[in-house]
A.B. asks: 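Attaching a single structure in structure tokens format; questions to follow.
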Amino acid sequence: MEKRVTFNSRWLPYLLLGPQMIITLVFFFWPSGQAIYQSVLIEDVFGGNSKFVWFENFAQLFRDNSYAHSAQITVVFSFLVAAIGLGVSLLLAVMADRVIRGATAYKTFLVWPYAVAPAVAGVLWGFLFNPSVGIIAWMLQGIGIEFNYVINGNQALLLVVIAAVWNQISYNFLFFLAGLQSIPKSLIEAAAIDGAGPGRRFWDIIFPLLSPVGFFLLVVNIIYAFFGTFGVVDALTKGGPGKSTEILVFKVFNDGFRGQDLGGSSAQSVILMVVVIALTFVQFRFIERRVHY
């Protein structure tokens with residue numbers, strides 16, 4: 001039997017949904033509409049003179065080699081953040097689900113990084129890997145590895161990925177752990193009685209039952225990699241060295257607020273929004289078919 005919620009008052013559902021709808025309109029639809037409008041304009045830095053140019057800003061972006069380079073960096077960065085973040089979080093959740101002694105302290109330490117703001121996470125990892133005073137950089141130098149993210153673009157990108165993954169691990173860990181604890185233990189015990197080893201039980205029982213959680217976190221982590229990592233990049237590398245860590249969301253800020261190219265920056269934000277919406281649609285359209293609810 002399907003259970004449905006009923007309200008005695010006709011206006012109560014609208015009253016309950018009202019605050020969320022207002023927040024969505026003010027902080028998403030209105031800025032998105034303004035960005036779309038500004039993307040077809042060329043205007044001065046003071047906004048006093050503007051010219052309607054249709055899609056010239058978009059055409060200019062597709063002719064810009066630096067924008068193509070930034071898009072490539074974003075694809076690599078997003079893939080690494082999502083893949084490493086989900087993999088490490090799942091491993092930690094499986095370990096936490098089995099730990100008996102000290103389980104509370106173990107879980108508490110894993111949750112703490114989520115309370116750290118992305119900008120603070122960037123500063124923290126910047127200190128640890130600072131080529132002059134960083135303890136981890138000093139330890140790497142002791143074993144013959146010269147780590148200097150200030151001048152090495154590949155090392156800078158690796159450090160940004162590490163900081164972004166670390167900042168998101170707690171969020172993924174909480175959902176994976178909740179999903180693991182919701183799986184009936186009787187299923188796992190029955191498989192063990194039938195002779196299935198730990199690896200077989202994980203891939204044949206646990207992993208399929210975790211697929212709804214994994215799919216949700218995949219969508220969230222991709223959106224996080226595209227938008228939520230701005231603070232990490234800005235605090236850690238500011239897109240350098242040599243624009244090797246200038247992901248698309250940082251390029252929008254850099255061109256708009258530092259370069260004062262308002263039209264081009266708005267066009268970039270529109271393209272970024274369309275790309276993320278398209279990726280989310282593709283995930284729900286194709287990947288969700290493999291999810292077992």
A.B. asks: I need the single residue from L90, L91, V88, L92 that forms a side chain to side chain contact (heavy atoms under 4.5 Å, CB included) with F173. Which is it?
C.D. replies: L92

A.B. asks: Are L157 and S244 close enough, and set up right, to give a side chain to side chain contact (heavy atoms under 4.5 Å, CB included), and what steps lead you there?
C.D. replies: CA-CA 7 Å; L157 181 61; S244 58; 5.8 Å; no

A.B. asks: If you measure from OG on S186 to CD1 on I193, what distance do you get to the nearest 0.5 Å?
C.D. replies: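 Going from OG on S186 over to CD1 on I193, the span is 10.0 Å.
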
A.B. asks: For L25 versus P31, what's the shortest heavy-atom pair and its separation?
C.D. replies: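 For L25 and P31, the tightest heavy-atom pair comes out as O-CD, 4.3 Å.
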
A.B. asks: Run Y67 and L248 through side chain to side chain contact (heavy atoms under 4.5 Å, CB included) and show every step you take.
C.D. replies: CA-CA 8 Å; Y67 184 76; L248 289 176; 3.7 Å; yes

A.B. asks: Starting at CG of D234, measure out to OG1 of T229 and round the result to the nearest 0.5 Å.
C.D. replies: 11.0 Å

A.B. asks: Taking C-beta and beyond as the side chain, do V249 and F226 meet within less than 4.5 Å on heavy atoms?
C.D. replies: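 Contact flag for V249/F226 side chains = no.
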
A.B. asks: Got a second to check how far R200's CZ is from I206's CD1, nearest 0.5 Å?
C.D. replies: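 Answer rounded to 0.5 Å: 13.5 Å.
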
A.B. asks: If you look at every heavy atom in R201 and I188, which pair is closest and at what distance?
C.D. replies: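 That closest heavy-atom pairing would be CD-O, 3.5 Å.
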
A.B. asks: Between S265 and V252, is there a donor-acceptor pair closer than 3.5 Å when you use the side chain of the first and the backbone of the second?
C.D. replies: yes

A.B. asks: Quick check: does any side chain N or O of N221 sit under 3.5 Å from a backbone N or O of L217, one acting as donor and the other as acceptor?
C.D. replies: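 Yes: the side chain of N221 pairs with the backbone of L217.
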
A.B. asks: I'd like to know if the side chain of S39 reaches the main chain of G263, judged simply by a donor and an acceptor atom lying under 3.5 Å from each other, with no hydrogens or angles considered.
C.D. replies: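 No, S39 side chain to G263 backbone: no donor-acceptor pair under 3.5 Å.
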
A.B. asks: So F129 and W125, would you call those rings parallel, tilted or perpendicular, with 30° and 60° as cut-offs?
C.D. replies: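 F129 vs W125 ring planes: parallel.
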
A.B. asks: Any non-hydrogen side-chain atom of F147 less than 4.5 Å from a side-chain atom of I136?
C.D. replies: no

A.B. asks: I want to check something: taking the side chain as every heavy atom from C-beta on, are P118 and F230 in contact at a cut-off of under 4.5 Å?
C.D. replies: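 They are not in contact (no side-chain heavy atoms under 4.5 Å apart), so the answer is no.
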
A.B. asks: Can you tell me if CZ on F216 sees more than 12 non-hydrogen neighbours from other groups inside 6.0 Å?
C.D. replies: yes

A.B. asks: To the nearest 0.5 Å, tell me how far I247 CD1 sits from S78 OG.
C.D. replies: 7.0 Å

A.B. asks: Is there a side chain to side chain contact (heavy atoms under 4.5 Å, CB included) between Q168 and V220 once you walk through the steps?
C.D. replies: CA-CA 10 Å; Q168 186 70 3; V220 169; 4.0 Å; yes

A.B. asks: Quick check on the 6.0 Å ring-centre criterion: do Y171 and F175 meet it?
C.D. replies: yes

A.B. asks: Taking S70 for the side chain and S66 for the main chain, is one N or O donor matched with an acceptor at less than 3.5 Å?
C.D. replies: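 Such a contact is absent between S70 side chain and S66 backbone.
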
A.B. asks: I want to know whether W54 and F52 have ring centres closer than 6.0 Å.
C.D. replies: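 Yes; F52 has its ring centre under 6.0 Å from that of W54.
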
A.B. asks: On a heavy-atom basis, which atom in A163 and which in V232 lie closest, and how many Å separate them?
C.D. replies: CB-CG1, 3.7 Å

A.B. asks: Could you measure the distance from the CD atom of Q268 to the CG atom of D261? Nearest 0.5 Å is fine.
C.D. replies: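 Rounded to the nearest 0.5 Å, the CD-CG separation comes to 7.5 Å.
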
A.B. asks: Determine whether V40 and N57 make a side-chain contact, defined as any pair of heavy atoms from C-beta on separated by less than 4.5 Å.
C.D. replies: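 Not touching, per the 4.5 Å side-chain cut-off.
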
A.B. asks: Between E56 and K51, is there a side-chain heavy-atom distance shorter than 4.5 Å?
C.D. replies: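 No, side chains not in contact.
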
A.B. asks: Can any side-chain N or O of Q155 pair as donor or acceptor with the backbone N or O of N148 at less than 3.5 Å?
C.D. replies: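 Yes.
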
A.B. asks: Counting C-beta onward and ignoring hydrogens, is there a side-chain heavy-atom pair between L124 and V116 closer than 4.5 Å?
C.D. replies: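 Counting from C-beta outward, L124 and V116 never come under 4.5 Å.
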
A.B. asks: Taking it one step at a time, do S170 and W112 satisfy side chain to side chain contact (heavy atoms under 4.5 Å, CB included)?
C.D. replies: CA-CA 7 Å; S170 299; W112 274 357; over 6 Å; no

A.B. asks: How close do L61 and G264 get, counting heavy atoms only, and between which atoms?
C.D. replies: CD1-O, 4.1 Å

A.B. asks: How far does CG of L209 sit from CZ of F202, to the nearest 0.5 angstrom?
C.D. replies: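 Answer for the CG-CZ pair, L209 versus F202, is 11.0 Å.
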
A.B. asks: Would a 4.5 Å heavy-atom cut-off, applied to side chains only, mark L236 and Y149 as touching?
C.D. replies: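 Yes - at least one pair of side-chain heavy atoms lies under 4.5 Å apart.
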
